[in-house]
Number of protein chains: 2
Amino acid sequence: MYEKVLIAEDMDDINKGVYSLLKELGIPEIQQVQYCDDAHLKLKKGVFDKDPFQLLITDLSFKSDHRNEKLASGEALVAQARAEFPKLKIIVYSVEDRLQRVRSLIANYKIDAYVCKSRTGLKSLAEAIKSTYTNQLYLSTEVSNALSRKSELEINDYDILLIKHLAKGLSQDEISHLFKQKDISPSSLSSIEKHLNRLRIQFKANNAIHLVAITKDLGLI
Amino acid sequence: MYEKVLIAEDMDDINKGVYSLLKELGIPEIQQVQYCDDAHLKLKKGVFDKDPFQLLITDLSFKSDHRNEKLASGEALVAQARAEFPKLKIIVYSVEDRLQRVRSLIANYKIDAYVCKSRTGLKSLAEAIKSTYTNQLYLSTEVSNALSRKSELEINDYDILLIKHLAKGLSQDEISHLFKQKDISPSSLSSIEKHLNRLRIQFKANNAIHLVAITKDLGLI
DNA sequence: TAACTCTTTGTGGATTTCCGTAAGGCATAC
DNA sequence: GTATGCCTTACGGAAATCCACAAAGAGTTA
């Protein structure tokens with residue numbers, strides 16, 4: 001089993017919960033940090049001391065406070081960690097349950113497991129730890145079909161961007177101009193209308209207002 | 001100090017963290033539930049057994065799963081608990097940090113403390129427990145000014161209702177018809193336009209979409 | 001009562017969104 | 001090569017919004 005594990009999680013209560021789980025699993029060396037930058041430092045120090053961490057368990061969202069950090073999000077931490085320490089196992093442990101998000105983490109950073117925080121989050125996390133130790137990708141049940149092809153008709157980054165700009169108060173015409181200016185394709189008013197229309201249908205929204213309200217409730221934007 | 005405390009929190013890791021905090025505080029009887037309905041049952045049973053809970057610590061958001069519950073949210077649980085057990089102390093422990101939300105919980109249900117989950121959430125929770133035991137309202141630092149600045153409260157229930165219906169996807173014309181039907185005044189399309197226009201100016205919103213997005217972020221709707 | 005203010009309601013017009021249709025580009029399959 | 005499907009773009013009309021101004025009503029004050 002793992003000998004040396006790092007937990008990156010800003011909320012102290014969860015941090016505590018994960019810590020006691022690792023203790024129960026009999027892992028001898030456990031370190032905890034509440035900031036992404038601290039996590040990065042610890043990882044580097046481990047390598048420097050010739051005693052590297054074998055596993056990183058990290059959240060995705062870290063509330064920002066007075067400190068201004070270089071690594072502003074869990075995703076940034078994952079990206080950095082994967083780039084610098086290819087052998088490090090990474091488990092993402094987050095409330096986020098959007099399949100698209102999970103997919104992109106796996107595709108871009110080759111994370112070793114994704115566990116949704118939930119009623120049974122800790123149990124899943126325990127399984128994830130065991131699976132990753134034997135080099136098996138682990139996804140908790142909530143997101144287990146993130147890799148199946150069926151859910152391909154999800155929304156992509158372009159759609160999110162579109163809705164975000166809508167929510168910021170831009171008209172469709174203004175978005176069109178902005179996209180042209182930034183070389184984001186498609187940028188024609190007609191295409192923007194078409195994409196929004198598809199999204200409205202997909203989310204069963206009556207109009208653009210409704211669409212923004214729904215996606216906000218879902219936490220997509 | 002409290003003798004009998006109930007924790008309602010769906011995520012097992014946080015539940016674990018809170019539990020160990022209460023243990024450290026020397027509270028002898030601690031019970032935990034992961035569903036609102038279970039919390040309600042426990043509270044009722046306590047009274048029935050002539051050994052009522054003195055304190056409820058509850059989250060606001062509970063993910064729904066296969067069970068279909070009567071009390072679908074933490075707020076519903078709080079409402080029910082306050083109505084049935086006026087002497088029960090209630091601490092809400094949630095990530096939600098919108099002042100309006102805190103305000104309405106205090107105004108409507110007379111909760112005894114509101115603690116934001118954060119890096120130092122557990123520490124705040126400990127203070128909240130002590131404060132409430134001496135009948136003092138406690139608000140964690142993130143939301144401590146929820147009661148001070150009531151300046152922004154120039155919007156009334158009519159405005160909120162209006163925006164809520166917008167967010168549900170109704171057109172201004174449909175809202176007009178609905179209001180006429182329900183005898184809500186003013187109900188003319190013209191007046192609805194005028195009110196929305198005032199709100200847009202007030203919130204510096206470019207259009208109705210923007211207005212809904214802003215008020216949603218503020219937790220007004 | 002008259003003057004004043006505030007709110008509701010109405011009207012017209014510019015702008016934007018909504019929705020269908022159609023043309024053109026581009027890749028893949030036959 | 002041609003056919004096919006998918007996507008972008010364009011255009012036009014209906015509907016909804018945004019906005020300015022005017023009229024009617026209700027309440028207040030002098």
Side-chain angles (χ1 to χ4, degrees), chain A residues 100 103 149-217 220-221, chain B residues 153-217 220-221:
Chain A
Q100 186 64 28
R103 244 180 250 133
R149 192 159 190 77
K150 166 174 157 280
S151 48
E152 195 61 21
L153 37 99
E154 263 206 43
I155 34 183
N156 54 39
D157 295 344
Y158 177 85
D159 296 322
I160 303 280
L161 192 64
L162 210 47
I163 304 178
K164 271 188 182 166
H165 280 114
L166 263 194
K168 283 203 307 197
L170 300 195
S171 71
Q172 298 178 18
D173 197 44
E174 288 170 323
I175 296 176
S176 167
H177 286 302
L178 184 70
F179 279 12
K180 278 181 173 54
Q181 188 187 313
K182 288 195 171 186
D183 269 335
I184 298 171
S185 171
S187 64
S188 75
L189 177 59
S190 181
S191 287
I192 288 173
E193 285 179 3
K194 180 150 293 196
H195 275 260
L196 286 177
N197 187 40
R198 188 177 60 80
L199 287 168
R200 278 205 308 278
I201 293 170
Q202 205 160 329
F203 286 103
K204 301 190 207 334
N206 295 338
N207 52 40
I209 299 178
H210 200 190
L211 176 64
V212 167
I214 291 172
T215 49
K216 257 195 174 304
D217 283 338
L220 262 48
I221 60 171
Chain B
L153 294 196
E154 288 190 13
I155 38 174
N156 53 37
D157 294 345
Y158 178 85
D159 296 324
I160 303 280
L161 192 63
L162 211 47
I163 304 177
K164 270 187 183 169
H165 279 116
L166 263 194
K168 283 202 308 194
L170 300 195
S171 71
Q172 298 178 16
D173 196 45
E174 287 171 325
I175 296 176
S176 168
H177 286 303
L178 183 70
F179 280 11
K180 278 183 173 54
Q181 188 186 315
K182 288 195 172 185
D183 269 334
I184 297 172
S185 172
S187 64
S188 74
L189 177 59
S190 181
S191 289
I192 287 173
E193 284 181 4
K194 177 152 292 199
H195 275 261
L196 286 177
N197 187 41
R198 188 177 62 77
L199 287 168
R200 277 206 311 275
I201 294 169
Q202 204 160 328
F203 286 103
K204 302 189 206 330
N206 295 339
N207 52 40
I209 299 177
H210 200 189
L211 176 65
V212 167
I214 290 172
T215 50
K216 256 194 174 301
D217 282 339
L220 291 175
I221 61 173

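FYI, side chains are in, hydrogens and waters are out, and symmetry mates aren't considered; it's all heavy atoms of this structure. In what follows, every chain begins at residue 1, and chains take the letters A, B, ... in the order their sequences are listed.
- For residues 173-187 of chain A, proximity to DNA chain D is found at A:Pro186, A:Ser187, defined as any non-hydrogen atom under 4.0 angstrom from a strand atom.
- You'll find the side chain of A:Leu166 reaches within 4.5 Å of the side chain of A:Leu196, heavy atoms only.
- As judged by a 4.0 angstrom heavy-atom cut-off over every strand, A:Ser191 is placed among the base-contacting residues.
- The interatomic distance linking B:Leu211 (CG) with D:dT17 (P) rounds to 13 Å, in whole Å.
- Here D:dA20 presents its C1' atom at 17 Å from CG of B:Leu196, a figure rounded to the nearest Å.
- If you take CG of A:Leu189 and P of C:dT17, they are 8 Å apart, rounded to a whole angstrom.
- For C:dT7, the OP1/OP2 oxygens have no side-chain nitrogen or oxygen of B:His195 closer than 4.0 Å.
- Spacing between atom CD1 of A:Ile201 and atom P of C:dG20 amounts to 8 Å, rounded to whole angstrom units.
- Look at B:Ser190 and you won't find any side-chain N or O under 4.0 angstrom from OP1 or OP2 of C:dT9.
- Residue A:Arg200 places its side chain closer to C:dC18 than to any other of C:dC18, D:dA10, D:dA16.
- Residues A:Ile160 and A:Lys164 are in side-chain contact: their nearest non-hydrogen atoms beyond the backbone lie under 4.5 Å apart.
- Remark: B:Glu174 CD to B:Leu189 CG distance equals 11.5 Å, nearest 0.5 Å.
- Distance from the side chain of A:Lys194 is smallest for C:dT21 among the nucleotides C:dT21, C:dT8, C:dC18.
- Between B:Arg198 and C:dT7, a side-chain N or O to OP1/OP2 separation shorter than 4.0 Å is absent.
- The CD-P distance, from B:Glu193 to C:dT15, rounds to 16 Å in whole Å.
- Across all their heavy atoms, B:Val212 and B:Ala167 have their closest contact at CG1-CB, 3.8 Å.
- Put simply, the side chain of B:Asp217 never gets that close to the backbone of B:Ile214: no donor and acceptor are under 3.5 Å apart.
- Between B:Asn206 atom CG and C:dT16 atom P there is a gap of 12 Å when expressed in whole angstrom units.
- When each of C:dC18, C:dT8, C:dC19 is scored by its nearest atom to the side-chain atoms of A:Asn197, the top-ranked nucleotide is C:dC19.
- Contact annotation for B:Gln172: backbone-only contact, meaning every heavy-atom pair under 4.0 Å involves sugar-phosphate atoms and none involves a base.
- By the 4.5 Å heavy-atom criterion applied to side chains, A:Lys194 and A:Pro186 are not counted as neighbours.
- For the atom pair A:His177 NE2 and A:Ile192 CD1, the distance stands at 9.5 Å (nearest 0.5 Å).
- A close approach under 4.0 Å does occur between a side-chain nitrogen or oxygen of B:Ser188 and OP1 or OP2 of C:dT9.
- Put simply, CD1 on A:Ile192 is 16 Å from C1' on C:dC19, counting in whole angstrom units.
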